[in-house]
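Step one of this worksheet: look at the structure below.
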Number of protein chains: 2
Amino acid sequence: MSDSDELLSIRAAELYYDEDKTQDEVGQILGLTRWKVGRLLAQAKEKGYIRIEIVHPRARKLGLERELRDAFGLADAIVVPVSGAKNDAEIRDRVAQGAADYLTALRPVPRTLGISWGRTLDDVAAKLTDGWATRVSVVQINGGVTLNQRAGTAAATAVSIAKKASGDATLLPSPAILERLETKKSIEGDRMVAQVLGMAAEASAYLYSAGVAGPDSAHVHSGYLTTENVRELVRRGAVGDVVGRYIDANGMIVDPSLDERTLGLSLDQLRAAPTSIAVIAGLAKQAVARAMVSSGLCTVLVTDEETARAVLNP
Amino acid sequence: MSDSDELLSIRAAELYYDEDKTQDEVGQILGLTRWKVGRLLAQAKEKGYIRIEIVHPRARKLGLERELRDAFGLADAIVVPVSGAKNDAEIRDRVAQGAADYLTALRPVPRTLGISWGRTLDDVAAKLTDGWATRVSVVQINGGVTLNQRAGTAAATAVSIAKKASGDATLLPSPAILERLETKKSIEGDRMVAQVLGMAAEASAYLYSAGVAGPDSAHVHSGYLTTENVRELVRRGAVGDVVGRYIDANGMIVDPSLDERTLGLSLDQLRAAPTSIAVIAGLAKQAVARAMVSSGLCTVLVTDEETARAVLNP
DNA sequence: CCAAAACCTGCTCACATGAGCAAAACACCC
DNA sequence: GGGTGTTTTGCTCATGTGAGCAGGTTTTGG
């Protein structure tokens with residue numbers, strides 16, 4: 001296309017889109033036939049000079065969603081925009097809303113939903129509306145925070161999600177990480193715990209988030225790991241944890257002996273699930289998001305635009 | 001509109017604009033009639049959820065242009081977008097291009113064009129193409145930079161603009177500001193200078209920019225004023241200079257005695273001109289832009305989006 | 001509880017638009 | 001310079017879309 005045609009196409013686009021003129025009117029103003037105007041507009045669109053953005057906190061980025069699905073063979077992807085968000089909290093909020101919307105619309109409705117815990121899951125629980133589903137059993141899939149001041153939030157998340165669906169919550173009464181392998185084995189052997197784990201293993205869908213491997217990790221706050229432990233994990237390549245298990249950029253377990261002492265669903269069980277929904281929001285979680293998606297940990301990814309881009313173009 | 005309708009309108013907009021579906025297809029996907037979809041889209045547009053932007057360095061902001069024309073009774077306004085510009089230099093570049101385009105398209109073609117000098121005018125001169133007009137006489141309207149190392153650039157601007165229009169340039173052989181009033185009067189009395197000033201006064205159009213009142217002013221660099229002089233002018237309310245004359249926020253001369261010693265077209269002559277094109281680019285010049293426009297110094301303003309907004313909403 | 005008003009819905013019709021096509025204009029090569 | 005292939009142009013026609021309207025539904029106020 002000649003240079004003057006390019007300029008003309010911009011002028012035409014201004015009159016057509018900004019001034020709401022018809023192509024005919026634009027043609028009269030610029031001294032062109034209406035067909036020429038139509039072609040110029042088509043060229044401007046094709047060259048990407050016309051950008052149409054949907055500005056709404058609950059808007060989605062269907063283009064990125066498709067790219068994610070295609071690139072990683074995901075069953076689905078939900079990507080929310082970041083434009084207009086003032087801070088990380090607002091982005092997390094939008095992602096949580098997106099996850100809640102997705103869960104509400106999910107068909108078939110899961111009979112049993114396995115969930116992890118954490119701030120992200122709390123947010124999703126808060127966004128779910130009463131009656132988002134009916135009679136859904138919620139089961140925890142990894143050991144919870146039970147031994148510190150935040151006690152009960154993990155349980156509260158599960159109960160809240162279940163209650164809003166007129167279902168009941170089954171809690172996993174165990175620490176996330178045990179100090180000794182034998183302790184873990186014996187807890188696993190407990191009839192009650194084994195029953196919960198069995199239920200978790202057969203859940204029809206999973207909903208979980210991931211943590212960043214760093215001094216701010218929930219495991220550190222909860223006292224399961226020391227700052228030094230986490231530093232060592234990072235040294236060995238850890239990018240974050242999924243249901244309590246630390247993975248590297250390839251989605252591999254970083255420390256098998258630590259992993260053996262971690263109670264809950266295994267990553268392979270998660271990978272085998274037909275529906276596992278990962279909810280990941282915020283700038284800090286891009287590395288772990290990529291590790292999860294590329295190693296097939298989830299079939300559905302709910303995230304923000306920037307994380308989506310980072311996952312696609314590492 | 002109900003909350004769910006709002007969400008629906010967003011979903012519809014996504015399918016319609018991002019996925020290029022027809023309203024009918026959107027309707028089938030969302031389970032709505034195509035008329036409902038059309039209404040939802042109209043609502044989304046009306047509520048401003050659909051933002052259409054033309055992304056091109058030579059695009060213009062017709063909405064802001066109209067606002068400027070209406071608010072200040074301008075004959076015309078050219079506003080270029082800032083989005084996508086990496087720095088101030090790129091914005092200046094776009095504004096210069098806009099001014100060059102405007103000048104090229106200006107009808108009737110001015111027989112005599114009065115110009116000031118400065119970096120902005122240099123940029124505009126560089127953007128003008130050979131043959132932008134034919135046989136236009138260019139005349140300087142204020143005293144030039146002749147006594148320092150940058151000697152000749154003011155002349156070069158004028159010559160360049162004239163040459164590209166197969167016309168000739170008439171230079172004003174005088175300093176911008178004289179130390180003593182008598183000197184100024186005697187230079188003004190010089191036959192040659194008087195002739196140039198007469199020609200300048202009768203130019204059919206003016207093209208000029210403005211400077212910021214600050215230590216970086218061209219007058220300081222050229223040695224006409226000291227940093228101290230400028231500081232004093234600022235203290236007395238100066239926001240910048242137009243054709244060498246310092247004005248305050250209301251467009252009034254700040255220091256009449258200084259102004260008397262400034263050689264060139266007076267501001268009142270400029271205000272009386274039927275076509276005077278002000279070219280103002282960059283974040284620093286918003287105050288002086290507003291002063292100029294609101295005091296009627298120009299009939300045409302060429303500027304960038306941000307300055308335009310600043311002028312409209314001070 | 002009912003009437004009036006406001007609103008929403010599905011429709012017809014007129015207009016706006018993009019696809020496809022023949023003719024014209026242009027570029028190119030021998 | 002003339003023939004050939006390619007691009008551009010102006011058009012017809014089918015489809016997409018918005019305005020306006022009648023009938024139905026919900027809301028509001030007595």
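Remember, predicted model here, so these are calculated numbers, not experimental data. Lettering follows sequence order; numbering is per chain, from 1.
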Net bend of the helix from C:dC1-D:dG30 to C:dC30-D:dG1, end axes of five pairs each, nearest 10 degrees: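 Roughly 30° between the end axes, to the nearest 10°.
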Contacts of B:R66 that satisfy side chain to side chain donor-acceptor pair (under 3.5 Å) - sequence neighbours left out: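 A:E19.
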Gap between atom OG1 of B:T275 and atom CG of B:L207 - 0.5 Å precision: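 So the CG of B:L207 and the OG1 of B:T275 are separated by 11.5 Å.
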Show each protein N/O and nucleotides 24-28 of chain C N/O combination with a separation under 3.5 Å, one pair to a line.
none

Results of side-chain contact (heavy atoms from CB on, under 4.5 Å) for B:T120 - residues two or more places apart only: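 B:T120 satisfies side-chain contact (heavy atoms from CB on, under 4.5 Å) with B:S209, B:V279, B:K285 only.
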Residues forming a side-chain contact (heavy atoms from CB on, under 4.5 Å) with B:K45, sequence neighbours excluded: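 Applying side-chain contact (heavy atoms from CB on, under 4.5 Å) to B:K45 gives B:Y17, B:I50.
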Roughly, in whole Å, what's the span from [atom1] in [X] to [atom2] in [N]?
X     : N      : atom1 : atom2 : value
B:Q43 : C:dT9  : CD    : C1'   : 13 Å
B:R39 : C:dC11 : CZ    : P     : 11 Å
A:L40 : C:dG18 : CG    : C1'   : 14 Å
B:L32 : C:dG10 : CG    : P     : 9 Å

Side-chain donor/acceptor contact of A:R34 with base of D:dG10 under 3.5 Å: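 In this structure, the two groups form no donor-acceptor pair.
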Not counting sequence neighbours, which residues clear salt bridge (charged side-chain N to carboxylate O under 4.0 Å, His left out) with [X]? List them please.
X      : answer
B:D168 : none
A:D101 : A:R58
A:K36  : A:D5

Residue B:W35, side-chain heavy atoms: nucleotide from D:dG10, C:dT12, D:dG20 that is nearest: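 When the side chain of B:W35 is considered, C:dT12 is the closest of D:dG10, C:dT12, D:dG20.
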Residue pairs fulfilling side-chain hydrogen bond (donor to acceptor under 3.5 Å, both in side chains) with at least one residue in residues 125-134 of chain A, sequence neighbours excluded: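 Those involving residues 125-134 of chain A are A:D93-A:K127.
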For residues 299-306 of chain B, dump all side-chain donor-acceptor pairs below 3.5 Å to protein atoms at least two apart in sequence or in another chain.
from: B:T299; atom 1: OG1; to: B:S276; atom 2: N; distance (Å): 2.9
from: B:T299; atom 1: OG1; to: B:S276; atom 2: O; distance (Å): 3.4
from: B:T303; atom 1: OG1; to: B:I280; atom 2: O; distance (Å): 2.6
from: B:D304; atom 1: OD1; to: B:E306; atom 2: N; distance (Å): 3.1
from: B:D304; atom 1: OD1; to: B:T307; atom 2: N; distance (Å): 2.9
from: B:D304; atom 1: OD1; to: B:T307; atom 2: OG1; distance (Å): 3.2
from: B:D304; atom 1: OD2; to: B:G282; atom 2: N; distance (Å): 3.1
from: B:D304; atom 1: OD2; to: B:T307; atom 2: OG1; distance (Å): 2.8
from: B:E305; atom 1: OE1; to: B:V82; atom 2: N; distance (Å): 2.9
from: B:E305; atom 1: OE2; to: B:R309; atom 2: NH2; distance (Å): 2.5

For the student: nearest non-hydrogen atoms of A:P110 and A:A205, plus distance: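 Nearest heavy atoms, A:P110 then A:A205: CB-CB, 3.9 Å.
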Residue-phosphate contact under 4.0 Å: A:K36 side-chain N/O, D:dT9 OP1/OP2: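 So the side chain of A:K36 is within the cut-off, an N or O lying under 4.0 Å from OP1 or OP2 of D:dT9.
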Near-strand residues of residues 16-29 of chain B, defined as heavy-atom separation under 4.0 angstrom from DNA chain C: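 Residues of residues 16-29 of chain B under 4.0 Å from DNA chain C: none.
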Residue pairs, two or more places apart or on separate chains, that pass ring-ring contact (aromatic ring centres under 6.0 Å, His included) and touch residues 50-98 of chain A: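 Sorted pair list: A:H56-B:Y49.
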